[in-house]
Amino acid sequence: MASVIGTKCALIPSRGPLCSKIFPHTVCIQRSRASSGLSTQHNEDYCIDLVRSRDYEGFVCSLLLPEAARRSSLALRAFNVELAQVKDSVSQKTIGLMRMQFWKTVVEDIYRDDPPVQPVSVELWRAVRKHTLTRRWLLKIIAEREKDMEDRAYRNLQELESYAESTQSSLLYLLLETLGVKNVHADHAASHIGKAQGIVTCLRATPYHSQRRRVYLPMDICMLHGASQEDFIRGSREQNVRDVVYDIASQAHVHLQHARSFSKNVPDAAMPAFLHTVTIEDYLQRVRKVDFDVFHPSLQKRNPLLPIRLYFQSWKKTY
């Protein structure tokens, strides 16, 4: 993360070993107006590269948005990537919380029309100015990611859904704003799609987290089927583990169906924001084919046909 720490941040000095731990990719430049900072093309390229490498599916979805919203979508997704990777990139919770505080300050400065000279910040500032994006959604994403620094399993499925609503759904609300859509049915669909996406993301990340001896799946469902955290850590493929995955995946499917129940009342202009339904359904179909074995090797491979399916879905203007 290329970041600029100015006196307004009031967090830490802009140089020194502590700075390098909290913001390892910090560029030590004086804070100035975004228009006199890094080149516009550099900022855009930085966000494109970040999203393409860390959120490939989001990158493809952004490319399929109308040109007027494409760059802003990439800025929002780059912002989301920056926040999402904090938890795994720090060795101490305190450092992670300081990074979150930095991004809170960035958002406040963006709405004061004084962003730091940092690629994601400048691109986000540009998107906010162009589309009058709602500050509440940006801050809600940060606040929920900050709470998630506790590094514990979700107590129940409702807690996972709440996290997904605050992060993934909030991002979809912002994407709808870049498309100029203000529609209650589109908002309802976005809420359910965000929850489905958050649940699927939790399932997809289970093998990765298990290798690091971490389990975030809802504890109530694990207890219901007698599956312990150790079962997931050792990559168990027993029936009780599959039953846990089945219950969680089924809830994602329910949210997807609820979202689609609003489709007749959702304007066509909103459809590009919901392209992620393709990736959600793709994973749910694949995990069903392997009988809900979340550790099956095929689930760790990217579907090469996904870009084509996304393009076809955007052409049909459906979700």
Side-chain angles (χ1 to χ4, degrees), residues 47 50-51 54-55 57-59 61-62 65 69 72-87 96 99-108 110-111 120-121 123-150 154 157-202 205 216 251-252 255-256 258-259 262 266 269-277 279-280 319:
C47 289
L50 179 62
V51 177
R54 299 289 184 174
D55 179 15
E57 292 169 357
F59 170 71
C61 288
S62 293
L65 262 59
S72 298
S73 169
L74 287 165
L76 287 168
R77 291 192 184 280
F79 167 73
N80 191 53
V81 168
E82 290 279 16
L83 296 174
Q85 64 187 8
V86 167
K87 187 174 179 178
R99 289 198 193 179
M100 293 299 181
Q101 181 58 48
F102 167 75
W103 282 106
K104 285 182 185 177
T105 304
V106 165
V107 170
E108 295 298 341
I110 282 172
Y111 282 88
V120 176
S121 303
E123 286 295 288
L124 191 58
W125 167 73
R126 178 187 175 280
V128 167
R129 291 190 65 190
K130 182 176 181 179
H131 305 285
T132 319
L133 300 181
T134 303
R135 170 168 39 185
R136 179 174 77 257
W137 302 130
L138 294 170
L139 291 175
K140 192 171 185 178
I141 295 172
I142 298 172
E144 197 64 31
R145 296 284 188 186
E146 187 176 48
K147 281 172 29 181
D148 195 47
M149 293 296 297
E150 293 296 332
Y154 299 104
L157 192 54
Q158 290 71 33
E159 194 171 84
L160 171 55
E161 289 174 327
S162 176
Y163 173 77
E165 164 74 26
S166 296
T167 52
Q168 303 295 345
S169 298
S170 293
L171 181 61
L172 289 177
Y173 299 146
L174 289 163
L175 289 176
L176 287 173
E177 290 184 343
T178 68
L179 294 167
V181 175
K182 293 183 179 179
N183 178 275
V184 65
H185 300 292
D187 289 344
H188 286 157
S191 175
H192 285 291
I193 292 170
K195 288 175 183 177
Q197 186 175 348
I199 293 170
V200 165
T201 299
C202 185
Y216 298 114
Q251 189 64 13
H255 282 298
L256 197 55
H258 281 169
F262 298 104
V266 173
M271 299 302 178
F274 300 153
L275 286 173
H276 254 301
T277 56
T279 67
I280 295 168
Y319 65 89

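- Across all their heavy atoms, Thr178 and Leu175 have their closest contact at OG1-O, 2.6 Å.
- Two residues are said to be in side-chain contact when any heavy atoms from C-beta on lie closer than 4.5 Å; Phe79 and Val107 meet this criterion.
- Here the shortest heavy-atom pairing between Leu124 and Ala75 reads N-CB, 4.0 Å.
- The shortest side-chain heavy-atom distance between Val128 and Leu138 falls under the 4.5 Å cut-off.
- What you find for Leu176 and Ala273 is that their closest heavy atoms are CD2-CB, 3.9 Å.
- Closest non-hydrogen pair, Val106 versus Ser121, comes out as CG1-OG, 3.4 Å.
- At a cut-off of 3.5 Å, with distance as the only test, no side-chain donor of Arg129 or Tyr111 sits close to an acceptor on the other residue.
- Note that CZ of Arg54 and CG of Asn80 are 13.5 Å apart. Values are rounded to the nearest 0.5 Å.
- Using a 4.5 Å cut-off on side-chain heavy atoms (C-beta onward), Thr279 and Gln197 make no contact.
- Once rounded to the nearest 0.5 Å, the distance linking CG of Leu76 with OG of Ser170 reads 11.5 Å.
- By the 4.5 Å heavy-atom criterion applied to side chains, Gln168 and His276 are not counted as neighbours.
- Nearest approach of Ala164 to Gly198, heavy atoms of both residues: CB-CA, 3.6 Å.
- A search for side-chain contact (heavy atoms from CB on, under 4.5 Å) contacts involving Thr134 returns Arg136, Trp137, Glu177, not counting sequence neighbours.
- In this structure, Lys87 contributes its side chain and Asp148 its backbone to a donor-acceptor pair below 3.5 Å.
- Residues Phe102 and Ile142 have side chains not in contact (no heavy-atom distance under 4.5 Å, counting atoms from C-beta outward).
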**OP:** Report the C-alpha separation of Arg145 and Tyr163 in whole Å, then their side-chain angles, then the decisive distance to 0.1 Å, and conclude whether the side-chain contact (heavy atoms from CB on, under 4.5 Å) test is met.
**Re:** CA-CA 8 Å; Arg145 296 284 188 186; Tyr163 173 77; 2.7 Å; yes
**OP:** Go through the steps to decide whether Met149 and Val86 satisfy the test side-chain contact (heavy atoms from CB on, under 4.5 Å), and finish with yes or no.
**Re:** CA-CA 9 Å; Met149 293 296 297; Val86 167; 4.2 Å; yes
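- Inter-residue side-chain proximity for Cys202 and Tyr154 is flagged as met; some heavy-atom pair is nearer than 4.5 Å.
- In this structure, CG on Leu256 lies 9.5 Å from OH on Tyr319, to the nearest 0.5 angstrom.
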Determine all donor-acceptor pairs shorter than 3.5 Å in which one atom belongs to a side chain in residues 182-195; sequence neighbours excluded.
| unit_1 | atom_1 | unit_2 | atom_2 | d |
| --- | --- | --- | --- | --- |
| Asn183 | OD1 | His185 | N | 2.9 |
| Asn183 | OD1 | Ala186 | N | 2.8 |
| Ser191 | OG | Glu165 | OE1 | 2.7 |
| His192 | ND1 | His255 | ND1 | 3.1 |

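- Note: Thr201 OG1 to Ile199 CD1 = 10.0 Å, rounded to the nearest 0.5 Å.
- Of the inter-residue distances, the one linking Leu50 atom CG with Glu82 atom CD reads 5.5 Å to the nearest 0.5 angstrom.
- Two residues are said to be in side-chain contact when any heavy atoms from C-beta on lie closer than 4.5 Å; Ile141 and Leu174 meet this criterion.
- Salt bridge status for Glu144 with Lys147: present, with a side-chain N to carboxylate O gap under 4.0 Å.
- The distance from the CZ atom of Arg99 to the CD atom of Glu146 is 14.0 Å, given to the nearest 0.5 Å.
- Under the 4.5 Å side-chain criterion, counting only non-hydrogen atoms from C-beta, Glu123 is not in contact with Leu74.
- Contact between Leu179 and Ala270 at its shortest, heavy atoms only, is CD1-O, 4.3 Å.
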Subject >> Residues Trp103, Val120; criterion side-chain contact (heavy atoms from CB on, under 4.5 Å); working and verdict >> reply: CA-CA 10 Å; Trp103 282 106; Val120 176; 4.0 Å; yes
**OP:** Please report the C-alpha distance between Arg77 and Leu171 in whole Å, then the side-chain angles of each, then the deciding distance to 0.1 Å, and finally whether the side-chain contact (heavy atoms from CB on, under 4.5 Å) criterion is met.
**Re:** CA-CA 8 Å; Arg77 291 192 184 280; Leu171 181 61; 4.0 Å; yes
